[in-house]
Asks: 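This is the structure I have questions about; it appears just below.
Proteins get letters first, then strands, A, B, ... in listed order; numbering begins at 1 in each. The structure presented is a predicted model; accordingly, all values stated were derived computationally and were not measured.
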There are 2 protein chains.
Amino acid sequence: MSNDLASVEVSVSPAEKFEEYLRSQGMQFTATRRIVLEEVFSDHEHFDADQLVERLSHRKDGRRVGRATVYRALNSMVEAGLLRKVARANDREVYEHDYGYPQHDHLICTKTGEMIEFRNDVIRELIEKVAAEHGFQVTGHRLEVYGLSKEAHEPPKRRHSMLDRI
Amino acid sequence: MSNDLASVEVSVSPAEKFEEYLRSQGMQFTATRRIVLEEVFSDHEHFDADQLVERLSHRKDGRRVGRATVYRALNSMVEAGLLRKVARANDREVYEHDYGYPQHDHLICTKTGEMIEFRNDVIRELIEKVAAEHGFQVTGHRLEVYGLSKEAHEPPKRRHSMLDRI
DNA sequence: CTACCTGCAAAAAGTTTGCAGGACA
DNA sequence: TGTCCTGCAAACTTTTTGCAGGTAG
């Protein structure tokens, strides 16, 4: 009774949820951690640790955060249920929002690196069903579909290409 | 007409397929590479680079292979279509046979690390369908279902022996 | 004042690469 | 003989950790 339409219980903001988690761990919701949180939730794009470090390292204002701190904050946010590691690209873990955002999977273009989100409840149900058949208790999953996005395999226009339509 | 029951065209042995690939790349099917290949195909278990290096590094007979060579061979075997990277465990890439072996996915126990293989064609078809809806051309996928295996979440019962009869 | 944080630099861990000597054709 | 291979060690990459000084309560 809680597996479908995960876009629920968003009555609490990411900041509140993070604070709650940190408190529960005897940690503090410091100004620095708030900066990282805000940067992370400033948009819905996928990102990796390095990109975030980049965005938070050299800034004029006092909002710069060191590499180690960013990594530590990311790990905390994953544990807090705010983020989830969604895939791996260029040998880096890719993160995305996992709070107040419906679960979904990805089509990953092996040529452009583009990641297309999709959601399919039947696949989700089948995963549960298969797991159940094995007495396996599911806590999550990661489905990465590799291939070529429309832009990547559909020749930029004319140029006829070998592959055109089926 | 070639997506189902991938247990086909196994008319060529892994060795032959590897040799063919290497030749096509201007590379040689050396004795060392054969040793790696044989070790890899000596059983159907999942393995990571380190385990293979371990098995091939200190041996009495002349069949020892260095770490760098093992890594290079693994990469070649993946490119040759003999192996595929199947998941990631303990920060290591996990490999499995991808030749003459049907495609499948995995239930991964987050407590014991156990990996249970399963195969579900409906999920497979749905992935194709979803991809098609996005104009995405699938070349492969990776589905890792995380959770607790039967052994991990079902208390060991009394002390009867884990495994007794089914 | 004590406990927790932060940034830096160093350390880990997995994988790749440069190189000198060896093997294959 | 010339090219490809191999093993070693060094290099690289991403992520983690030790530590000294700083901050929150």
Side-chain angles (χ1 to χ4, degrees), chain A residues 18-19 21-40 46-59 61-80 83-95 113, chain B residues 18-40 46-59 61-80 83 85-95 113:
Chain A
F18 197 22
E19 177 160 27
Y21 169 79
L22 290 170
R23 288 260 166 87
S24 78
Q25 300 298 301
M27 299 168 80
Q28 304 162 178
F29 187 33
T30 61
T32 307
R33 287 187 177 135
R34 181 185 294 277
I35 293 170
V36 178
L37 179 91
E38 286 176 1
E39 187 63 50
V40 163
H46 297 109
F47 65 94
D48 62 41
D50 211 55
Q51 296 170 336
L52 188 58
V53 167
E54 177 65 15
R55 291 196 262 153
L56 287 170
S57 36
H58 32 51
R59 309 174 56 141
D61 52 7
R63 301 170 71 75
R64 43 185 15 287
V65 184
R67 166 175 246 86
T69 304
V70 170
Y71 272 98
R72 284 186 278 234
L74 282 175
N75 288 334
S76 297
M77 291 169 74
V78 167
E79 279 160 36
L83 292 180
R84 69 176 189 128
K85 294 180 179 176
V86 98
R88 188 156 250 268
N90 301 110
D91 294 312
R92 292 174 189 167
E93 215 63 57
V94 176
Y95 297 83
Chain B
F18 196 22
E19 175 158 28
E20 181 187 326
Y21 169 78
L22 291 169
R23 287 259 167 88
S24 77
Q25 300 296 303
M27 299 167 80
Q28 302 160 178
F29 187 34
T30 61
T32 307
R33 287 185 176 136
R34 169 170 259 120
I35 292 170
V36 178
L37 180 92
E38 286 175 3
E39 187 64 50
V40 163
H46 297 109
F47 65 94
D48 62 42
D50 212 56
Q51 294 170 337
L52 188 59
V53 167
E54 176 66 14
R55 290 196 262 154
L56 286 170
S57 35
H58 33 51
R59 310 176 53 142
D61 51 7
R63 301 171 72 77
R64 41 182 24 281
V65 183
R67 166 176 246 84
T69 304
V70 170
Y71 273 97
R72 284 186 278 236
L74 282 175
N75 288 334
S76 297
M77 291 170 72
V78 168
E79 280 160 35
L83 292 180
K85 294 180 178 176
V86 98
R88 186 158 253 266
N90 299 110
D91 294 311
R92 293 176 190 166
E93 214 63 59
V94 175
Y95 297 84

Asks: Contact class for Asp48(A) vs. all strands (heavy atom < 4.0 Å): base, sugar-phosphate, or nothing?
Replies: nothing

Asks: Among the candidates dG14(C), dG7(D), dG7(C), find the nucleotide nearest to the side-chain atoms of Thr32(A).
Replies: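 Per side-chain heavy atoms of Thr32(A), the pick is dG7(C).
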
Asks: dA13(C) P sits how many Å from Tyr71(B) OH, rounded?
Replies: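 Spelled out: OH on Tyr71(B) to P on dA13(C) is 13 Å.
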
Asks: Can you tell which of dA24(D), dG7(C), dT15(C) lies closest to the side chain of Glu93(B)?
Replies: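 Looking only at heavy atoms from C-beta outward on Glu93(B), the closest nucleotide is dT15(C).
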
Asks: Figure out the CG/P separation between Leu22(B) and dC5(D), and round it to whole Å.
Replies: 8 Å

Asks: Rounded to whole Å, please give me the gap between CZ in Arg67(B) and C1' in dT15(C).
Replies: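 From Arg67(B) CZ to dT15(C) C1': 9 Å.
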
Asks: Has Arg59(A) got more than 12 heavy atoms of other residues, nucleotides or ligands less than 6.0 Å from its CZ?
Replies: yes

Asks: Of all heavy-atom pairs between Phe18(B) and Ser76(B), which one has the smallest distance, and what is that distance?
Replies: CE1-CB, 3.9 Å

Asks: Whole angstrom is fine here: how far is it from CD in Gln51(B) over to P in dA13(C)?
Replies: 16 Å

Asks: Looking at Asn75(A), I'd like to know whether one of its side-chain N or O atoms comes within less than 4.0 Å of OP1 or OP2 on dT16(D).
Replies: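 Indeed, a polar side-chain atom of Asn75(A) lies that close.
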
Asks: CZ of Arg88(A) versus C1' of dA13(C): gap in Å, rounded?
Replies: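 To the nearest whole Å, that distance equals 12 Å.
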
Asks: Compare every heavy atom of His46(B) with every heavy atom of Val86(B), then report the nearest pair and how far apart it is.
Replies: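 Closest pair (atom of Val86(B), atom of His46(B), distance): CG1-CD2, 4.2 Å.
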
Asks: Starting at CG of Asp91(B) and ending at P of dT17(D), how long is that distance when rounded to a whole Å?
Replies: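 Going from Asp91(B) (CG) to dT17(D) (P), I get 11 Å.
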
Asks: Where is the tightest heavy-atom contact between Ala49(B) and Tyr95(B), given as atom of each residue plus distance?
Replies: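 Taking every non-hydrogen atom into account, N-CE1, 4.2 Å.
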
Asks: With sugar-phosphate meaning primed atoms plus P, OP1 and OP2, does Ala49(B) contact a base, only sugar-phosphate, or nothing at under 4.0 Å between heavy atoms?
Replies: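 The residue Ala49(B) makes sugar-phosphate contact but no base contact.
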
Asks: By nearest nucleotide on DNA chain C, pick out whichever of Thr69(B) and Asn90(B) is the more 5' one.
Replies: Asn90(B)

Asks: Using a cut-off of strictly less than 4.0 Å, decide whether Thr30(A) has a side-chain nitrogen or oxygen near OP1 or OP2 of dC4(C).
Replies: no

Asks: Rounded to the nearest angstrom, tell me the gap between atom NZ in Lys85(B) and atom C1' in dG14(C).
Replies: 11 Å

Asks: Can a donor-acceptor pair be found, under 3.5 Å and without considering hydrogens, that links the side chain of Arg33(A) to the backbone of Gln28(A)?
Replies: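 Side chain of Arg33(A) to backbone of Gln28(A), a donor-acceptor pair under 3.5 Å: yes, one is there.
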
Asks: Report the nucleotide, chosen from dT6(D), dC5(D), dA9(D), that has the shortest atom-to-atom distance to any side-chain atom of Met27(B).
Replies: dC5(D)

Asks: Starting at CZ of Arg72(A) and ending at C1' of dT6(C), how long is that distance when rounded to a whole Å?
Replies: 7 Å

Asks: Base, sugar-phosphate, or nothing: which does Arg33(A) touch, judged by heavy atoms less than 4.0 Å apart?
Replies: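 Touches sugar-phosphate only.
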
Asks: What nucleic acid atoms does Asp50(B) come within less than 4.0 Å of, heavy atoms only: base, sugar-phosphate, or nothing?
Replies: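 The residue Asp50(B) makes no contact with any strand.
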
